[in-house]
Amino acid sequence: MLLADGRHVPDLHLDASEVVRCRALADQVTAPVLGFVEGHTTVAIERTVLRLFGLHGAGPRGVPQVNLAVDELHRRGLLGRGAAWWLGYVMRQGARDPVAIVEAIASLPEHPAPLPAADDRALREALAREARAAVAELKGRVAGRNALKAELGTGPRPHKYLIVATGNIWDDVEQARAAAQAGADVIAVIRSTAQSLLDYVPHGATTEGFGGTYATQENFRIMREALDDESRRLKRYLHLTNYSSGLCMPEIAFAAAWERLDMLLNDAMYGILFRDINMKRTLCDQHFSRRICALADILVNTGEDNYITTADADEAAHTVIASQFVNESFAHRAGLPDRLLGLGHSFEIDPARPDTIARELAQALLVRHLFPDAPLKYMPPTKHKQGDIFFSHGYDLMADVVGWVSGQGIQLLGMMTEAMHNPSLADRYQALKGADYVYRAWRSMGSELQLKPGGMVESRAAATLHRARQLLEEVAADGLFAAIGKARFGDVARRETGGKGLDGVVARAPDYFNPLLDEMEAA
Amino acid sequence: MLLADGRHVPDLHLDASEVVRCRALADQVTAPVLGFVEGHTTVAIERTVLRLFGLHGAGPRGVPQVNLAVDELHRRGLLGRGAAWWLGYVMRQGARDPVAIVEAIASLPEHPAPLPAADDRALREALAREARAAVAELKGRVAGRNALKAELGTGPRPHKYLIVATGNIWDDVEQARAAAQAGADVIAVIRSTAQSLLDYVPHGATTEGFGGTYATQENFRIMREALDDESRRLKRYLHLTNYSSGLCMPEIAFAAAWERLDMLLNDAMYGILFRDINMKRTLCDQHFSRRICALADILVNTGEDNYITTADADEAAHTVIASQFVNESFAHRAGLPDRLLGLGHSFEIDPARPDTIARELAQALLVRHLFPDAPLKYMPPTKHKQGDIFFSHGYDLMADVVGWVSGQGIQLLGMMTEAMHNPSLADRYQALKGADYVYRAWRSMGSELQLKPGGMVESRAAATLHRARQLLEEVAADGLFAAIGKARFGDVARRETGGKGLDGVVARAPDYFNPLLDEMEAA
Amino acid sequence: MTARPPAAGTLVRPYGDRQDDGVLQLSFVLPVPAGERAREAAAEVARKLGLTQVLVASMEAAAERYTFFVVYGRTEVAVDLSTLQVAEVVTRKKGFDELNEFALREVGRRLVVLGACTGSDAHAVGIDAIMNMKGFAGDYGLERYPCFEAVNLGAQVENAALAREVVERGADAVLVSQVVTQRDVHRDNARRLVDELTRLGRRSQVILLLGGPRIDHKLALELGYDAGFGPGTRPSDVANYLVGEVLRRMGKELHG
Amino acid sequence: MTARPPAAGTLVRPYGDRQDDGVLQLSFVLPVPAGERAREAAAEVARKLGLTQVLVASMEAAAERYTFFVVYGRTEVAVDLSTLQVAEVVTRKKGFDELNEFALREVGRRLVVLGACTGSDAHAVGIDAIMNMKGFAGDYGLERYPCFEAVNLGAQVENAALAREVVERGADAVLVSQVVTQRDVHRDNARRLVDELTRLGRRSQVILLLGGPRIDHKLALELGYDAGFGPGTRPSDVANYLVGEVLRRMGKELHG
Ligand code: B12
Ligand code: B12
Ligand SMILES: Cc1ncc(COP(=O)(O)O)c(C=O)c1O
Ligand SMILES: Cc1ncc(COP(=O)(O)O)c(C=O)c1O
């Protein structure tokens, strides 16, 4: 198989009809969800819209203005019309600056007086115009980023993706620069533990996170600025990514878009399964956030790798594939092209078992063949990592081999101290040096090696695809909500009415107004 | 390709006529050398014969009795008749115990009186009988070893070969046991630096070596005893090996045979190239020592891996192959069957270069295909090892991968501290753990992977074979001595009359007598 | 496991390739550019740690202003094994059936066992491995034991909520998992449950177990728990400990 | 390479993921069976080295009576960069042609340079890399330089024989390689050549260079050599040093 970037990977002979069927099933799975999504909005979506109109600040005790405003609307049951509409409403009443707007919204009566139809039309037109201008500005920023990328060029594939997670944005910057100097192509700033459960986006530059650094717009800006500078110095464009999953998915996507991030962790189901966020909430938020990604040319990374840190990687291999089809379908529905689809998977089969390379290769090649135009994000081993860093390092290198030979687009480099602590500078350096050696040493092996027809790798891939199809049949029949209820993904069961954030889901009123969504749907 | 031990390795398509031609050329190269060997003996060979007859002790200042005796004979120009003959001679004069024999030899006049023909015949017959009895005893010991091996069984292929080299035999024992407990199949006790240049074998248990422990018969005995014990405890036969190359090749082989070693480093040319030992001397000694190995069922390991620690592994790949054909031919002429032929090669291409895996795999598979019934000894990287032990460990694991996929019989495990010091216990442990992981993870890949026909691996293998043939043509035309003079192997040039030990080479007289050789040639 | 304590004065030192050679391998980064001065600084760090025969085996520019080192050296440090405080959870075990039978007979009822990964920690795999039917490494989880009524509350469970559950369900034992340890978040969090239970006057009635990849028995005791379980723990270890401890508190013995 | 010496009082400490956190990684073996006591002994070794926040990341039975550990910890140790004695061979270099021209012009003749790996050391690859035509890493060897008459005597060269060659050939410089260092065999061996040359009254007339993977400039000076060259040395480093040093001794300068 010849990849778009010129690399070859060993051919896998798959049953094409099964692939077609999986895609059809995935579309069947996502269709009713989209129906639901199109009838609802969430507090996070509405906050995002207000951010587009410039409500960036934070009020007393750091509460973001958008939260103050949206919570007031929600309390009054007004959100179904869209926060933008109410923004227009209070602005017509004279509120101009953010503080005044928030105050005006907070002072709205339980049943605000309706607007005459002409005023309503004028309000919508004015805000649509403003939204169009803001979106144009956003697109200008993205174009600037793309120009820099074109000017400097990027490193060869796979892009080496390295994590920084000090908790302090300034230390993160220092480490990101160091990683870039050692060869990193993508810097991922990990978020503080459980930020995904905060129903607001913290404000400003932050220095105190646990196991990661808070995702804030200011932190994004600081890091992107440093990477722009470092990119110019190293004459190689450095990508930046962060996490959007969680209760603030669309807001974070918007901040990331504005600050010119290149990628985002953005999975349709991660929040549900791994953060116990209500499924309706997440499914609405993911759609809106992905529309933002499509608008801002942000590559989304999905989180199927997580399934096999909870479930057994060997037994659950097909759930990864099934979920990827679902994620792909959701992404297409949000307007994302394949080239922005960094579907996630990983090298996680217990290394105590025999023949793990055959099975990992089967999985990695299967994903590669199923999604030929997607860049793919390949994760290193994590769950079975050991405190024995020497073993752990060698184990990572095997993942590098499989990632390379199977032509992955983005490769997270494993950290030899994975079982202990967040990566240190030394760990990243060794990971880069090792991966570079592997890519160099195995350079032509992707085109050199062929698989025995009907051998262990091919049959394993075929069996996994087959089981993925069976699972998709079941999910299509039961519906996604029910399937998640039966722990069909990642061995985790969630109820439709359980989890966090359900109370932030609101049915759109017939006169729902969302000029940002209108802009994006028009694009 | 299906190996005798049940493993599969990827097929290489080679030009069979080229292989046939290489073997014919190698035989052409070794034939005249054998002619020379059959006309000569050496001080080392004669010392070996005396050892067979029980001259094991050492005189004042630790000089072995066999050296005292042989030196006396040599000084008098008597060696051409064979030391055994003179042993018989002085025994007829009444010398019985070793001390008396040595003294009697030392008291021989310049021109000892000749023996009447009948006495000469009786002398020869008596010694032949004694030799037969000693050889029978030796074979009994070897049979005992083989019975233990059959009883306990050995570990699966490849046998993991680990080095101990403390300089102190008691520390070596401790480390050998530890290595065995961690999974080693073969323990190699490395010799003290430059022991190969000593023209005698040190005596007794030793505790003071540099970079290794002296090879002495007592040290062999101590280690084999410890390994027998450990084998029984672990219920897995543990092999022992040491080095015979050098000025005492036949004597060490004899001691090893007696003490039931399983393998020996025994190369036809190593001493010449890497120790500057005279070529005539080494070529005579290797033949005799290999006959001993054939007699005692000792697997010989050749040293082609050394070539590419001196010469560039990429450019000199064909010299390894050519030398293996020569070593094979010499081995066959000494009566060694293929199953005792541990031809050496290694993973030594500079890891700073691209596509090293393709080239290493080409080489390893080429050797595997050329010598299908030989166990093959595969060496890990050494020359390009770094003080960065993390890199170094990963680099070793790649050698483990290639060794495994190409079906090697004996695999030396690389040490992550190779660039620093002799292996420590921790290094061996990590090497074993890493190799076990690799063998497990890649278990079926030898049968699973196929090579692109005419691809990089196949064409590299074909080109190397072709260049090996060209080199053999040249060596066959020039003669081995002249070829070595032109630095055709390992980038090292040696002159026919240079190097150490030439004065220990003696033309056999027409009445040359060597009952050990007679026994071995009759076998 | 070391059954008998070692004889007094049994000194051990790191072993490279000879008894007591004291060989140690170090690696670290210094925030300086690579070069001879950096190399010397690395050697000096090792010397200041008391190492001799210091060999800077590797110096690599990990970034423009950071250098990675591998260093070998020898230490004089020795440890007297007999003086070490080793708190070890007893590991003599009964088989599955035997344990269940024994426990049901001797206790006379099923023991109520709650499990949770607490605070903001979302790592459920460890507690699941101990609690869930399926278990871990071929060893059944506590849910499968007839002698336990085992309830896994999952991850991100608030300490206050967990303490309430203990009271409501009359739990005999609580299994707390803590995986995230950055900035000692696990310590504060683990202590909080003890405080809550103490506040409710329940601490002494319940067996408290702490577990996780960076937990050991010693740390658990220090944080006010009854026992600690580290990486590689099997459900059967925990089951045996629980039954044994309940019997002990009843004045009986597991291994009579 | 550090061009300017650092300001006084510039303290550096190991860097894990924050400035001055002092993070170090250790590994070692203890001659005890794996178990809780062994783990505690490993932690104690680290604590005795002055480490705090000690984490025994891995304990593995490397054999029945040996246990391998990976340990992380933090040290308080800091090094003042400005106080370090760094002996660095100057590395400003001229190109091949320029150097040859300059040397031939200023010295007025070819310099006689002998190379050898001495004593029982048979490792010729390093000295070959410096001396032979082919050179090393794309850098020509000294034999290729018109300004040198370079003779490589190979390996296992006796010190006495080498000293005689120096006299006979009127050598300007001798390059000694030492690779085997077990039990400090290289130190004794390197000193022996200095003794021989001193005995022959030749020491001061000849530039003595020592090189090898575990050699540095400092060690070479200590052993009585004029300069030392470590791993990764290129022939052109040596060529530049030699010409510079000869000129210096003539009262001239290489970089005027
Ligand atoms: C899987 C995993 C995840 C999954 C968790 C899925 C899930 N449902 O559990 C996901 C992807 C969601 C995840 C997320 C994060 N993770 Co995480 N994760 C891991 C990983 C890879 C494996 C953990 C695991 O499952 N081990 C397997 C189980 C079986 O082992 P175990 O937990 O040790 O349990 C055994 C014993 O310890 C014991 N045990 C455990 N608990 C208990 C309790 C009792 C009572 C008893 C008796 C025994 C016991 O028994 C078990 C069986 O033997 C580790 C790295 C590693 N290899 O260890 C990182 C790791 C734990 N994660 C880490 C981090 C930082 C995070 C994040 C905070 C990152 C971020 N900022 O986004 C997030 C947030 C998580 C949160 N809020 O808690 C760090 C923690 C660093 C530290 N020391 O503080 C680690 C070490 C990775 C790293 N090097 O950075 N993670
Ligand atoms: C190749 C090799 C061999 C070959 C040597 C072939 C030959 N003709 O040279 C063979 C196989 C014969 C061999 C044998 C042995 N070897 Co050896 N060998 C190596 C190996 C793998 C590589 C050395 C090498 O060639 N490096 C490449 C060259 C280019 O690098 P270099 O030497 O560092 O040279 C550079 C610089 O240092 C500098 N330089 C070097 N010399 C000089 C001199 C001057 C004046 C200057 C300016 C610069 C300079 O410039 C060079 C270019 O940059 C090393 C392990 C390793 N990876 O380092 C072990 C190693 C050196 N060997 C070792 C040992 C113990 C042995 C034996 C003693 C083992 C035994 N008991 O049988 C034997 C005996 C050798 C003897 N009598 O000396 C040990 C030494 C341990 C120690 N610290 O003491 C090592 C480290 C392996 C190990 N870990 O055990 N060996
Ligand atoms: C898709 C996705 N989103 C988010 C996260 C992490 O998010 P959180 O901040 O919730 O830990 C991950 C973790 O790996 C992920 O895969
Ligand atoms: C065939 C052979 N013989 C002998 C040796 C070592 O011998 P010496 O004792 O001469 O160093 C080697 C070294 O690797 C070898 O390959």
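All values reported here derive from a predicted model rather than from experimental measurement. Letters A, B, ... mirror the listed sequences (proteins, then strands); counts begin at 1.
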Open item on the list: Please give me the minimum heavy-atom distance between A:L397 and B:G394, naming the atom from each residue.
Closed with: CD1-CA, 3.4 Å

- [ ] Please flag which part of A:F391 lies under 4.5 Å from any non-hydrogen atom of chain B: side chain, backbone, both or neither.
- [x] both

Task: Separation of B:R443 CZ from A:D355 CG (nearest 0.5 Å) - done: 4.5 Å

TODO: Can you tell which part of A:I349 gets under 4.5 Å to a heavy atom of chain B, answering side chain, backbone, both or neither?
DONE: neither

Task: For chain B, the option from A:E448, A:E360, A:K452, A:M445 that forms the most heavy-atom pairs under 4.5 Å - done: A:E448

- [ ] Identify the two heavy atoms, one from B:Q450 and one from A:L451, that lie closest to each other, and give their separation to 0.1 Å.
- [x] OE1-O, 4.1 Å

TODO: Under 4.5 Å, counting heavy-atom pairs only, tell me which of A:P10, A:P354, A:A358 racks up the most with chain B.
DONE: A:P354

Open item on the list: Given heavy-atom pairs under 4.5 angstrom as the criterion, report whether the side chain, backbone, both or neither of A:E458 touches chain B.
Closed with: backbone

Task: Under 4.5 Å from a heavy atom of chain B, the part of A:Q430 involved - done: side chain

Task: Nearest-0.5 Å distance, NZ of residue B:K433 to CZ of residue A:F390 - done: 10.5 Å

Open item on the list: Working to the nearest 0.5 angstrom, can you tell me the gap between A:L449 CG and B:I357 CD1?
Closed with: 10.0 Å

- [ ] Measure the spacing between CD1 of B:I389 and CD1 of A:I389 and express it to the nearest 0.5 Å.
- [x] 7.5 Å

Open item on the list: Tell me the closest heavy-atom pair linking A:S444 and B:M456, and the distance in Å.
Closed with: OG-CE, 3.3 Å

Task: Structural part of A:R353 lying under 4.5 Å from a heavy atom of chain B - done: backbone

Open item on the list: Does any backbone or side-chain atom of A:Y439 lie under 4.5 Å from a heavy atom of chain B? Answer side chain, backbone, both or neither.
Closed with: neither

